[in-house]
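Report on the following structure.
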Amino acid sequence: MQAKDSSALSTAHALPSYLNPDHLGPWGIYLQQVDRVTPYLGSLARWVETLKRPKRILVVDVPIEMDDGRIAHFEGYRVQHNLSRGPGKGGVRFHQDVTLSEVMALSAWMSIKNAAVNVPYGGAKGGIRVDPRQLSKAELERLTRRYTSEIGLLIGPTKDIPAPDVNTNGQVMAWMMDTYSMNTGATATGVVTGKPVDLGGSLGRVEATGRGVFTVGVEAAKLTGLNVQGARVAVQGFGNVGGTAGKLFADAGAKVVAVQDHTGTIRNANGLDVAALLEHVGNTGGVGGFAGAEAMDAADFWGVDCDILIPAALEGQITKDNAGQIKAKLVIEGANGPTTPEADDILNEKGVLVLPDVIANAGGVTVSYFEWVQDFSSFFWTEDEINARLVRIMQEAFAGVWAVAQEHKVTLRTATFIVACKRILHAREARGLYP
Ligand code: NAD
């Protein structure tokens, strides 16, 4: 009888196959990050398993009719990692390499991030495995609307609120909001954030993530004696996050000396004209071919002479193979998960200060929170109010994480996880297990 009970328990504890910690990939990296933080959780460590299992995973088939009459099927996901602190919140990514492991990890990083800046959300994320550049605008709209209907079981203004991520934007959010509203019979602006401003979007949302990256970068520079004026900055990814962060650093007197995106890698030791580069990206879709710079080999980007490096493209970019080349004193993670754990260790040993994604790029979700609050109250704030509140939240969150890092002599990533995991698990413990 005893043996039977314990074997039943061990089956109950066995991880579902897709949660195998030996499985490499973004979810495996997230699990390693949680393991690193567990010793600092005290009695809350009893609940840590809850962070290692997403609450809900939905995989959907998204069939659409293409313009030429063919029927195409795409794989879509929505993962709600943890809802202990509030409704799910996290973006939707359209990319040909999206996997379930990636969406699971991104949803978990949203739980950590939302808790780190103390906005009242759990963590969620979605995605479709598609290269949207291969679709016409009409196909993209049909794809977005069908996906929104398929994940309609999970989303809602008080349940789970999507937002833009890689290759999605205000237009995609407008289609999502409209589809959800049509399906539920009432205009529900608060179901997504990152909407166009005249559809219940917030001023300042488009630049919010880059502004947050810049804000924590300035705070870290002050604490480490690095002068932003004249600092040399290299940026990977010059889209929403990288483009805005690059512009704000340039406006503050820094020199953006190298930029890499999916179309090329460029440098100018005297500092690129960032406004002209943004215009070129707007016109051509990428930094490749920009006249005010010389092209360089993609592989040499990581070794560029710079003070501040901002990875703002995709995850898994800084690895054990290139971390040793990095010359920057400060790495600010605009992207989610750009640094592998091995690379993190190498940077730490070299004395490079890494501002981790889970705090550095939290500006976007912070202003998404403002947007959601404004939608509920139907009362909209000025851009100055939004930026001031954003900067205050980012500065306070960063100062809190910095203090924990000093106290425990740990990296800022581990410190952010300590702060965030404690908040999530406190909520979990206070709520208790149902039934
Ligand atoms: P975006 O689509 O606006 O820009 C992505 C950029 O990455 C583009 O410049 C693209 O050329 C570049 N890129 C793509 N593949 C690349 C490759 N293989 N090598 C080099 N560059 C490549 O996306 P975004 O919204 O700026 O998001 C960038 C990162 O920031 C993602 O990791 C995203 O999850 C994260 N993030 C975004 C937000 C937000 O509010 N948009 C918030 C938090 C985190």
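Atoms within each ligand, like the ligands themselves, are counted from 1 in listed order.
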Give me the residue, atom name and distance of the protein heavy atom closest to [atom].
| atom | answer |
| --- | --- |
| atom 16 (C) of ligand 1 | H262 CB, 3.9 Å |
| atom 30 (O) of ligand 1 | G334 O, 3.4 Å |
| atom 2 (O) of ligand 1 | N167 N, 3.4 Å |
| atom 20 (C) of ligand 1 | D261 C, 3.5 Å |
| atom 34 (O) of ligand 1 | D165 OD1, 2.7 Å |
| atom 29 (C) of ligand 1 | A313 O, 3.1 Å |

Close-contact set for ligand 1 against [X] heavy atoms, below 4.0 Å:
| X | value |
| --- | --- |
| L314 | 15 (N) |
| F238 | 9 (O) |
| G237 | 6 (C), 7 (O), 9 (O), 12 (C) |
| R93 | 31 (C), 32 (O), 33 (C), 34 (O) |

Q) In this structure, are over 12 heavy atoms from other groups packed under 6.0 Å from E383 atom CD? A) yes
Check [X] against ligand 1 and report side chain, backbone, both or neither, counting heavy atoms closer than 4.0 Å.
| X | answer |
| --- | --- |
| A312 | backbone |
| R205 | side chain |
| T209 | side chain |

Cut-off 3.5 Å, side chains only: do [X] and [Y] have a donor facing an acceptor?
| X | Y | value |
| --- | --- | --- |
| S368 | R205 | yes |
| D384 | T382 | no |
| N348 | T411 | no |
| S149 | N183 | yes |

Do any nitrogen or oxygen atoms of [X] lie less than 3.5 angstrom from nitrogen or oxygen atoms of ligand 1?
| X | value |
| --- | --- |
| Q317 | no |
| G239 | yes |
| N336 | yes |

Q: For the residue pair Y147 and F94, categorise the inter-ring angle as parallel (less than 30°), tilted (30 to 60°) or perpendicular (more than 60°).
A: perpendicular
**Q.** Parallel, tilted or perpendicular, as decided by the 30° and 60° cut-offs, for the rings of Y30 and F417
**A.** tilted
Q) Donor-acceptor pair, H81 side chain versus L51 backbone, under 3.5 Å? A) yes
Q | R36, K350, K320, R413 screened by salt bridge (charged side-chain N to carboxylate O under 4.0 Å, His left out) with D345, the one that passes | A | R36
Q) Under 4.0 angstrom from atom 18 (N) of ligand 1, is there any protein heavy atom? A) no
Q | Any residue meeting side-chain hydrogen bond (donor to acceptor under 3.5 Å, both in side chains) with R78, in chain and number order, not counting sequence neighbours | A | D160
**Q.** Identified ring-ring contact (aromatic ring centres under 6.0 Å, His included) partner of F370 from the options F380, F379, F376, W381
**A.** W381
Q. Of the listed options (D97, N240, T263, T366), which comes nearest to atom 1 (P) of ligand 1 when hydrogens are ignored and any heavy atom counts?
A. N240
(Q) Using heavy-atom distances only, which candidate in T265, V241, V365, V281 approaches atom 26 (O) of ligand 1 most closely? (A) V241
(Q) Aromatic contact between H280 and F238, with the criterion being ring centroids under 6.0 Å apart: yes or no? (A) no
